[in-house]
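Scroll down for the structure; my scribbles are underneath it.
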Amino acid sequence: MNTNPIAVFDSGLGGLSVVRHLRRLLPNEAVVYFGDTARVPYGTKSRQTVVRFALEDARFLLQFEPKLIVVACNTASALALHELEQALPVPVLGVVEPGARAAARLAEGGAVVVLGTEATSASGSYPAALHALVPDLEVVSQACPLFVPLVEEGRGCDDPIVQLVADTYLTPLRERGVRVAVLGCTHYPLLRAAIERSLGPDVHIVDSGRETSLAIQQLLAKHAGLCRTGRPGSMRCYVSDNPDRFRQVGSRFLNEDVDQVELVAPERYATPLQLATDIC
Ligand code: DGL
């Protein structure tokens, strides 16, 4: 048994949609979360910047001696997983592999569409992971950049604006024989019903966050790393900006109250180079 926490980071509060599954599946595990709310969004940034931010986020979490680090952010998983694996002394799990594995299993000869941020779509990480599993699979990458601000603004699946945007992005895909759609962004599970309506009833939806939580459960079980105290696991959150907003909006992602949130000063997570650049 290992009682050390599972550390999770994301560009902001979206990663709580992954923690939601993690807490349901592994209720005894302690979770420590870092949301880089000062520098969100990552989905419109360059690879170089996302890699630097992701390394800083993960290094901040090392002080809590986690048994593993989960990259809940699809953009950071797509652009920085390799660098994180090289740099960190603990196992690192991203959301791309588990999401791709589930999609490949469900595709059965049909096409897979991966919905994500601009950076995730441009990275080609999901298609690469899918083609490693099924070389001749048809994969379509569809960036849906308006989804993140719509969710952050509190708009849900019954909002006509959300449906209009979802239809604009997704109804053209109906002609492509899509069998599986991957929700390749932390925010998209909150728009799942609208996405399903746009794509039609025959498309399987894969939530990468849920698949990642299942992968974590399997990994910890395999290495005798599960926490079996029988007590509910604690949850502590750290953010780089605006803890009040994180508390308010975050509860929609987590599906429970977000209680313990602490603001982290830039010198505790950003490297001196980054601080100097910000000041200039
Ligand atoms: N967390 C990001 C992702 O899953 C979405 C928000 C952002 O662009 O930073 O890709």
Side-chain angles (χ1 to χ4, degrees), residues 7-22 33-58 61 69-81 84 92-100 102-103 113-127 129 141-155 162 165-166 169 181-192 195 205-213 237-242 245-246 249-250 252-254 258 269:
V8 182
F9 78 86
D10 178 54
S11 55
L13 45 81
L16 293 173
S17 71
V18 181
V19 176
R20 168 194 202 145
H21 293 292
L22 204 54
Y33 182 97
F34 181 66
D36 193 7
T37 46
R39 304 188 291 195
V40 71
Y42 286 7
T44 49
K45 295 195 168 66
S46 68
R47 175 181 295 274
Q48 196 191 11
T49 297
V50 172
V51 168
R52 181 157 51 86
F53 288 176
L55 287 169
E56 290 175 350
D57 301 344
L61 288 167
I69 293 186
V70 181
V71 190
C73 180
N74 282 260
T75 305
S77 298
L79 275 66
L81 190 67
L84 289 162
V92 185
L93 235 107
V95 288
V96 171
E97 272 290 325
V113 60
V114 182
L115 314 179
T117 63
E118 287 167 64
T120 298
S121 298
S123 74
S125 293
Y126 268 104
S141 292
Q142 176 66 53
C144 307
L146 287 171
F147 280 173
V148 168
L150 285 171
V151 173
E152 296 249 342
E153 209 185 87
R155 292 183 186 270
V162 168
V165 171
Y169 288 139
V182 180
L183 305 181
C185 173
T186 48
H187 289 56
Y188 298 1
L190 279 81
L191 301 182
R192 183 175 176 141
I195 291 169
I205 303 285
V206 168
D207 177 342
S208 287
R210 179 173 176 275
E211 299 303 326
T212 303
S213 300
C237 297
Y238 296 85
V239 292
S240 51
D241 197 20
N242 208 343
R245 183 171 190 277
F246 183 88
V249 185
R252 279 197 286 123
F253 288 73
L254 190 61
V258 183
Y269 63 89

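Because only heavy atoms are used, hydrogens play no part in the values below, and waters and symmetry mates are left out as well, while side chains stay in. Since this is a predicted model, take the numbers as computed values, not measurements. Counting starts at 1 for both ligands and their atoms, in listed order.
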Worksheet entry | Under 4.0 Å to a heavy atom of Thr75 - the qualifying atoms of ligand 1, by number | 3 (C), 10 (O)
Worksheet item: Which ligand 1 atoms are under 4.0 Å away from a heavy-atom of Val40?
Response: 9 (O)
Fill in: Arg20 and Asp207 ion-paired at < 4.0 Å
no
Worksheet entry | Option set Thr37, Leu79, Asn74, Val151, criterion heavy-atom distance to atom 3 (C) of ligand 1, minimum | Asn74
Between [X] and ligand 1, is there a nitrogen or oxygen pair with a distance under 3.5 Å?
X      : result
His187 : no
Thr186 : yes
Asp10  : yes

Worksheet entry | Check: Asp10 and Tyr33 side chains under 4.5 Å, non-hydrogen atoms | yes
Worksheet entry | Sub-4.5 Å side-chain heavy-atom contact between Phe246 and Ser240 | no
Worksheet item: Under 4.0 angstrom from ligand 1, any heavy atom of Gly12?
Response: no
Discussion item. Can you confirm if the aromatic rings of Tyr269 and Phe9 lie within a centre distance of less than 6.0 Å?
Written reply: no
Practice prompt. If you have a sec, work out which protein heavy atom is nearest atom 6 (C) of ligand 1 and how many Å separate them, to one decimal?
Written response: Ser11 OG, 3.7 Å
Item to complete: Around atom 8 (O) of ligand 1, find the nearest protein heavy atom and jot down its residue, atom name and distance.
Response: Gly43 N, 2.9 Å
Worksheet item: How long is the gap from CG on Leu183 to OG on Ser17, to the nearest 0.5 Å?
Response: 9.5 Å
Worksheet entry | Heavy-atom donor-acceptor pair, Tyr169 side chain to Leu146 backbone, under 3.5 Å | yes
Worksheet item: Parallel, tilted or perpendicular: which fits the ring planes of Phe53 and Tyr42, with parallel below 30° and perpendicular above 60°?
Response: tilted
